[in-house]
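One structure is given here, and the rest of the page talks about it.
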Number of protein chains: 2
Amino acid sequence: MAQTDTVTRILDTAEVLFAERGFAETSLRTITSKARVNLAAVNYHFGSKKALIQAVFARYLDPFTERFHGALDALEARHPDGTIPLEELLESMARTVLEVPAERHSLKVFMKLLGLAYSQAQGHLRRYIQEEYGSVFTRFTELVRRATPELPDAERFWRLHFVLGTVIFTLSGLDALRDIAEKDYGEHVSVRDLVRRLRPVVVAALNAPLPEAPMANRAEAS
Amino acid sequence: MAQTDTVTRILDTAEVLFAERGFAETSLRTITSKARVNLAAVNYHFGSKKALIQAVFARYLDPFTERFHGALDALEARHPDGTIPLEELLESMARTVLEVPAERHSLKVFMKLLGLAYSQAQGHLRRYIQEEYGSVFTRFTELVRRATPELPDAERFWRLHFVLGTVIFTLSGLDALRDIAEKDYGEHVSVRDLVRRLRPVVVAALNAPLPEAPMANRAEAS
DNA sequence: GTACGTTTCAAACAATCGTTTCCATCGAGG
DNA sequence: CCTCGATGGAAACGATTGTTTGAAACGTAC
């Protein structure tokens, strides 16, 4: 139908502009004019700008969670003892993250959006993502827990976010970094190349020795 | 003078609001009313909103670069051979980052601002920071190069940005993460505690084994 | 062909934005 | 006392924002 055409044209244009400039810096007029669609179409089809932003994310995250659940199902089936090696877990997640947007040639956009979701205040976005897609992440962390029984729970929690930061930060700022790297080392870096470089770093970070015991608790500016 | 009072009151208010909501989401009216100064004061003292944003950063980065240069001078004096151990370099940087905003009890704000500087498009900001403060970073990376001669240049470049992502991502999203961690593990985390946890992870990431040789060059969606 | 629900369109809405203007106020120097 | 440059303050500027409106255009079923 014609609706689908307008809706997808809005989404296709919006995700690119959001990724390039951020949410607040992208007006509905910029989106609709570039998408060759009437201004009112956004509010008609999505209801509001907030809802459009969430729809942009849903188009990536819905297939991602579905595939990732499937991938974890397969992994659990191959390891009936319930303990999946850490490398396989990471590998599975990486593959899923790469697969989903690859079909629309928009891995870069997906990564930038993930970066924005974390950095931009946009309270509603973080809440929406947390409520809508938190369950997959919970399942994943539980599997990581079984894979790394020697790590204290709190330590594992923080280290998972450390490497999450590494990946999102790197892949979402990829363009700028790639330009610098290319200028300084003349080497062209593909996303797959970057993932190859990331793997040993992530594994080493998760397997790092435990920190020294904390000193006496000192108050800290909050 | 009265000028100084107005200027610092604007800066104090602006940096907090920017850190909480981002730049585009913080209006000059919100800043000036909360700071109890006239709306026109911002344009009078700073010239524009862009200039105010840069001034907020300069108030942190100017003392930071000065101290960091001094710390590196001291390190080079203690190692006349020109090779400073990696741990000392990292330690020195961490200490400087913690010192500067500690004097104004605003480490959290500083970290959030750093995170915003990377994520928000705000082209002018990245350019400003790069041009104004890029030299310290260049000096630091050169010292890291001498400290890790076994690493290929490109590999070191990427790993430095990996750990930079870890640190900025973690410390700028600290509030949200701290809430989750506190809820899940009942443990209160101070910034110093987090730095203690970060140290072994960062060292392990930089010292990770080299990735396997790349496969045949495959084109990748850019 | 006519009626109906859906979608598109141009126009206007009220609100907010950054910036500018103009005048009052102040304090120091002549 | 008067002057003058610097600062504070109220009001308005024009531009842009997200959203709403009401009518035109559309395809479909009777």
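Every chain is numbered from 1 and lettered A, B, ... according to where its sequence line falls, protein lines coming before strand lines.
- More than 12 heavy atoms of other residues, nucleotides or ligands sit less than 6.0 Å from atom CD of B:Glu182.
- Contact annotation for A:Thr26: backbone-only contact, meaning every heavy-atom pair under 4.0 Å involves sugar-phosphate atoms and none involves a base.
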Could you go through the salt bridge (Lys or Arg N to Asp or Glu O under 4.0 Å) check for B:Asp73 and B:Arg139 one step at a time? CA-CA 11 Å; B:Asp73 289 343; B:Arg139 181 181 177 190; 2.6 Å; yes
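- When rounded to the nearest whole Å, the span between CG of B:Asn43 and C1' of C:dT20 equals 8 Å.
- Nucleic acid contact for B:Ala41: none, since no nucleic acid atom lies under 4.0 Å from a heavy atom of the residue.
- Distance, B:Asp5 CG to D:dG8 P: 8 Å, rounded to whole Å.
- Comparing C:dA11, D:dA11, D:dT17 by their closest approach to the side chain of A:Leu39 singles out C:dA11.
- When the nearest nucleotides of DNA chain D are assigned to A:Ala40 and B:Arg36 by heavy-atom distance, the more 5′-ward of the two goes with B:Arg36.
- To the nearest angstrom, P of C:dT19 lies 6 Å from CG of B:Leu28.
- Classification of the A:Phe110-A:Tyr60 ring pair by plane angle, with boundaries at 30° and 60°, yields parallel.
- Between B:Phe64 and B:Phe68, the ring centre distance stays below 6.0 Å.
- Within the structure, every side-chain polar atom (N or O) of A:Thr6 is placed at least 4.0 Å from both OP1 and OP2 of C:dT7.
- Both B:Val37 and A:Gly47 lie near DNA chain D, and the one whose nearest nucleotide falls closer to the 5' end is B:Val37.
- OP1 or OP2 of D:dT16 has not a single side-chain nitrogen or oxygen of A:Ser27 nearer than 4.0 Å.
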Between A:Asp12 and A:Arg59, does the salt bridge (Lys or Arg N to Asp or Glu O under 4.0 Å) criterion hold? Intermediate values first, please. CA-CA 10 Å; A:Asp12 287 345; A:Arg59 205 163 57 139; 2.8 Å; yes
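- As rounded to whole Å, 18 Å separates atom P of D:dA6 from atom CZ of B:Phe46.
- Between B:Ile31 atom CD1 and C:dT16 atom P the separation is 17 Å, expressed in whole Å.
- Between A:Ile10 atom CD1 and C:dC9 atom P the separation is 11 Å, expressed in whole Å.
- Between B:Tyr44 atom OH and C:dT20 atom C1' the separation is 14 Å, expressed in whole Å.
- If you take CZ of B:Arg9 and C1' of D:dG9, they are 14 Å apart, rounded to a whole angstrom.
- Phosphate proximity of D:dG8 to B:His45: present, with a side-chain N or O under 4.0 Å from OP1 or OP2.
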